[in-house]
Every structure is written in structure tokens, then in C-alpha cells.
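Below is one structure, written out as C-alpha cells, with a few remarks after it.
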Amino acid sequence: MRSAAVIGTGAIGTSVALALGRHGVAVHLSDVNPTAARTAEAMGAGSLTAPEGPVDLAVLAVPPAHIGTVLARAQREGLARAYTDVASVKARPHDEVARAGADPARYIGGHPMAGTERSGPLAGRADLFDGRPWVLTPSPATGQDTLNRALELASLCGGTPVVMGAAAHDRAVALVSHAPHLVSSLMAARLADAGESSIRVAGQGVRDVTRIAGGDPGLWGEILDANAAAVADVLDEFAADLGRTVSALRGLAGTDPARRERAAATLDEVLRHGSLGWARVARKSGTPLTGLAAVPVLVPDQPGALARLFTAVGEIGVNIEDVRIEHSMDRPRGLVELLVQQGSASALGRLLDADGWTVAEQGAAAAAPR
């Protein structure tokens, strides 16, 4: 990738631009807020000059509700050869792209799973995405060239590509990002009117729990509006657990021995279950990409074939941890190695084969140490 455009110079857009600049990519910046754009330029994120011709890739770092209209306008102006976004919801933007009349073959949804509670270009960091998942959500119409450019973007920014369907992505982020933000906000709201004596003794624990509540309320309002049903489903389960916990605490505060015993058992279950969940996230965030297996698939050299493959994997429910692509212009097919967790490799190969894909011999699918 030699050139890119970043539309939107908030924390994420500026971080993308800074990350690309580390690799010598010429980045062109734009923003409806000229002060933000000038600040990002002064930070070395890119240039405010318009590109002389189409750039290799345009990154739309705008709120989810504006992706369709911004994409359609940028395509009419011939800004780039391919387009992606960094919004934290995917299903609605995919639908709005179609309604806006944009070309879906040159667009792929994207979401780097990294962020900061701070907003604006000054919160941008070139290393923000290092080692973090970068979700891509191709549609059946997404062209192979567009997908390849998005994979290159994730790599240049230090991220690890993970291919998912748009709806599956939105359910996942409701659980691991959007609902936690609301829970953090609700806890932080308890502190807004707290007495000064309580605030004075606040320690690191409450800071950890409430840190993400400092995010931009306007932006988070748009995110939650775009993923409201999935977040509500998560919070319904959270509310049920919270109700059980409150009842258990009331029981512990009483004097009935039998009720106190049941309450203690309930709290023990809540705390142990929480510890198990924490351990899964802690292992995921601190584990390098080891113990992977490659599932080699022969993909026809046809527009959209690679996107259809990734969509099929997403529908199966397997996360792609990395991708290797071998392609020769004089051959009708290319070899795509999907790197997945070893425990998922055999089942994925069987399911892809049953779905009509040509899965190569597993001799090429040995463990892939990283």
C-alpha cells in the first residue's frame, strides 16, 4: 500500500494514519472539523492536501450512522480504489451502504478492537492496534481486491485480522464492548453525587471499573443506538444475575441461618463464575498466536470468491486468527491458508468441504508456530 485517505481525524482515525505513516504510506486527511484535521496533520499523521488521483484505500473513521452517505460521496468523487471503515457496529452500516447507492464490491466493513476513553486527534497513537484483533466483515459482494487491501491495512497497523459476519460481530461486541461500557457508566454514575469523603478514599479498583465511562457520550450514544437490541439482550442476562446477587446480599444481611447459607452459596457461585470469565479474557489478551493450524483452501480466481470464503467461515462460527494467500496470475485458483485454533481446524475443513469448497490436503496444515 502506497497511499491512503483517512476521513475523520478522531482518536481512531488519527491512530490509523499514524500507524500507516510508520510504513511510509502517504496519508491524506480530511474531517468536517478543520481544527481536528489540522491537529492531526501537526502530529505527523498525514497531509490535508487532496490526493492527485485515487488512493489505494480510504478508511472511513466516522460515526456508524454516516458511513453509507460518506462512502457514497467518496466513491462518486473517485477518492480510492477500495474502502473500509472502523465503526464498532457493522450490520446497520452494511445495510446503509446499499441504501445510499454505494458500490458494495469496493467496500468491506472493519473494526479494530482497540480504543481509548479519550477522544480527538491528540488521543491518537501509532501503536494503538499492535497485537489487537481487527475484525473484517465482508459481504457476498465484496471484491477480492478490496478484501486484500483491508487485510494489508490491518497488518500495517499491527492488528490481527479476524473475519466474521456482520450480525455475528454485532452480537460479539455487544457482549465484550458495548454492554461493559454501559455497566461502567452506571457504576460511575453512582459516584457523580457521592460525598467527598467517599471520593477521597477511591482506589485503583473503582478507577479500573469506571475508566471506560469517560468515553465521549455523544459517540457512545450513536454506537448504542446502532446496536441496541444486541446490547439489551446482554443486559437482560446481566440484570437477572444482578437481581440474584442483590437478593443474596439481603439474605446475608439478615439473621435467618438457612437463608444466610443459601445467600453465601449464591455469592460464591457469582464470584467463581466471574473469575472464570476474567481468566478467559486474560488468557486471550496475553496469548501470542501459537498453537494454530492452517486450513488450506483452493479459491477460484473470480471476483468476490475470497470474500465468499470468509463469509462462509464466519457463518460456521470459527475465528480466523491470520491469513496467508498464495496466488499466481497464470493459474485459475489460488491457495488460501486460514490460520485457526488447532481444535477448530479439522471441523472447519470438513464443514467447508461439505459446503462445496476445495480443501487441500492437510499435509499443508501443520501447526503454525508464531
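Note that the numbering runs from 1 along the sequence shown for the chain.
- For the side chain to side chain donor-acceptor pair (under 3.5 Å) condition, the pairs that include at least one residue of residues 10-27, sequence neighbours left out, are R22-D130.
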(request) Given side-chain contact (heavy atoms from CB on, under 4.5 Å), test L156 with V25 step by step and report yes or no. (result) CA-CA 9 Å; L156 290 173; V25 177; 4.2 Å; yes
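- When each of I67, V6, V86 is tested with L60 by the rule side-chain contact (heavy atoms from CB on, under 4.5 Å), just one qualifies, namely I67.
- Cluster annotation: L224 is not connected to V234 through the hydrophobic network of ILVMFWY side chains, with a link wherever side-chain heavy atoms come within less than 4.5 Å.
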(request) Could you check Q341 against L348 for side-chain contact (heavy atoms from CB on, under 4.5 Å), going step by step and ending with a plain yes or no? (result) CA-CA 10 Å; Q341 293 296 326; L348 176 61; over 6 Å; no
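- The closest side-chain heavy-atom distance from Y107 to T142 is not below 4.5 Å.
- The shortest heavy-atom contact between H94 and P138 is CE1-C, 4.5 Å.
- If you chain together hydrophobic residues whose side chains sit under 4.5 Å apart, Y83 and L147 never meet in one group.
- With rounding to the nearest 0.5 Å, the separation of CG in L338 from OG in S344 is 12.0 Å.
- Taking the side chain as every heavy atom from C-beta outward, P121 and M43 approach each other to under 4.5 Å.
- Qualifying side-chain hydrogen bond (donor to acceptor under 3.5 Å, both in side chains) partners for E237, counting only residues two or more places apart in sequence or in other chains: none.
- Closest heavy-atom contact between L339 and A294: CD2-CB, 3.4 Å.
- Linking ILVMFWY side-chain heavy atoms closer than 4.5 Å, directly or via other members, places L351 and V313 in a single hydrophobic cluster.
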(request) Assess whether side-chain contact (heavy atoms from CB on, under 4.5 Å) is satisfied between V55 and L57, documenting all intermediate values. (result) CA-CA 6 Å; V55 298; L57 180 69; 5.8 Å; no
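- Among pairs with a residue in residues 253-266, none fulfils side chain to side chain donor-acceptor pair (under 3.5 Å), at least two apart in sequence or across chains.
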(message) salt bridge (charged side-chain N to carboxylate O under 4.0 Å, His left out), that's the test. Do D127 and R132 meet it? Break it down for me.
(response) CA-CA 10 Å; D127 64 348; R132 303 300 297 272; over 6 Å; no
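- Put simply, the side chain of S247 gets close to the backbone of G243: a donor and an acceptor are under 3.5 Å apart.
- One finds the CG atom of L151 at 9.0 Å from the OG atom of S155 (value rounded to the nearest 0.5 Å).
- Within the 4.5 Å cutoff, no side-chain heavy atoms of P296 are placed close to those of V336.
- For the atom pair CZ of F238 and OG1 of T245, the computed distance is 8.5 Å after rounding to the nearest 0.5 Å.
- Under the 4.5 Å side-chain heavy-atom criterion for Ile, Leu, Val, Met, Phe, Trp and Tyr, L235 and I223 are members of the same hydrophobic cluster.
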(request) Apply side-chain hydrogen bond (donor to acceptor under 3.5 Å, both in side chains) to the pair D208 and Q204, showing each step before the final yes or no. (result) CA-CA 6 Å; D208 289 343; Q204 190 59 43; 2.9 Å; yes
(message) With side-chain hydrogen bond (donor to acceptor under 3.5 Å, both in side chains) as the criterion, how do S3 and H28 come out once you've worked through the C-alpha distance, each side chain's angles and the decisive distance to 0.1 Å?
(response) CA-CA 8 Å; S3 60; H28 300 269; over 6 Å; no
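- Annotation for P51 and L79: closest pair CG-CD1, 3.9 Å, computed over non-hydrogen atoms.
- Salt bridge D95/R99: absent, no basic N to carboxylate O contact under 4.0 Å.
- For D31, the side-chain hydrogen bond (donor to acceptor under 3.5 Å, both in side chains) test picks out T9, with sequence neighbours left out.
- Of the charged side-chain nitrogens involved, at least one lies within less than 4.0 Å of a carboxylate oxygen, so that R106 and D103 count as a salt-bridged pair.
- Put simply, the side chain of V297 reaches to within 4.5 Å of the side chain of L309, judged on heavy atoms.
- Distance CG/D241 to CG/D236: 11.0 Å, rounded to 0.5 Å.
- At a threshold of 4.5 Å between side-chain heavy atoms, the hydrophobic network of Ile, Leu, Val, Met, Phe, Trp and Tyr places L48 and I7 in two separate groups.
- Closest heavy-atom contact between V173 and S88: CG2-O, 3.6 Å.
- The distance from the CG atom of L153 to the OG1 atom of T84 is 6.5 Å, given to the nearest 0.5 Å.
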(request) Go through the steps to decide whether L271 and H273 satisfy the test side-chain contact (heavy atoms from CB on, under 4.5 Å), and finish with yes or no. (result) CA-CA 6 Å; L271 294 172; H273 205 191; over 6 Å; no
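- Note that the CE atom of M187 and the OG1 atom of T210 stand 8.0 Å from one another [nearest 0.5 Å].
- Checked by atom type and distance alone, the side chain of E337 never pairs as donor or acceptor with a backbone atom of V295 at under 3.5 Å.
- Taking every heavy atom of both residues into account, A105 and T146 meet most closely at O-OG1, 3.0 Å.
- Residue pairs meeting the ring-ring contact (aromatic ring centres under 6.0 Å, His included) criterion with at least one member in residues 134-176, sequence neighbours excluded, are H111-H169, F129-W134.
- Across every non-hydrogen atom of N33 and T35, the tightest pair is OD1-N, 3.0 Å.
- A donor-acceptor distance shorter than 3.5 angstrom exists from the side chain of S185 to the backbone of H181, with no hydrogens or angles considered.
- Between the side chain of E96 and the backbone N or O of T69, no donor-acceptor pair lies under 3.5 Å.
- Listed for the D170 side chain is no donor-acceptor partner under 3.5 Å among the backbone atoms of V89.
- For residues 76-89, the salt bridge (charged side-chain N to carboxylate O under 4.0 Å, His left out) pairs, not counting sequence neighbours, are D56-R81, D85-K90.
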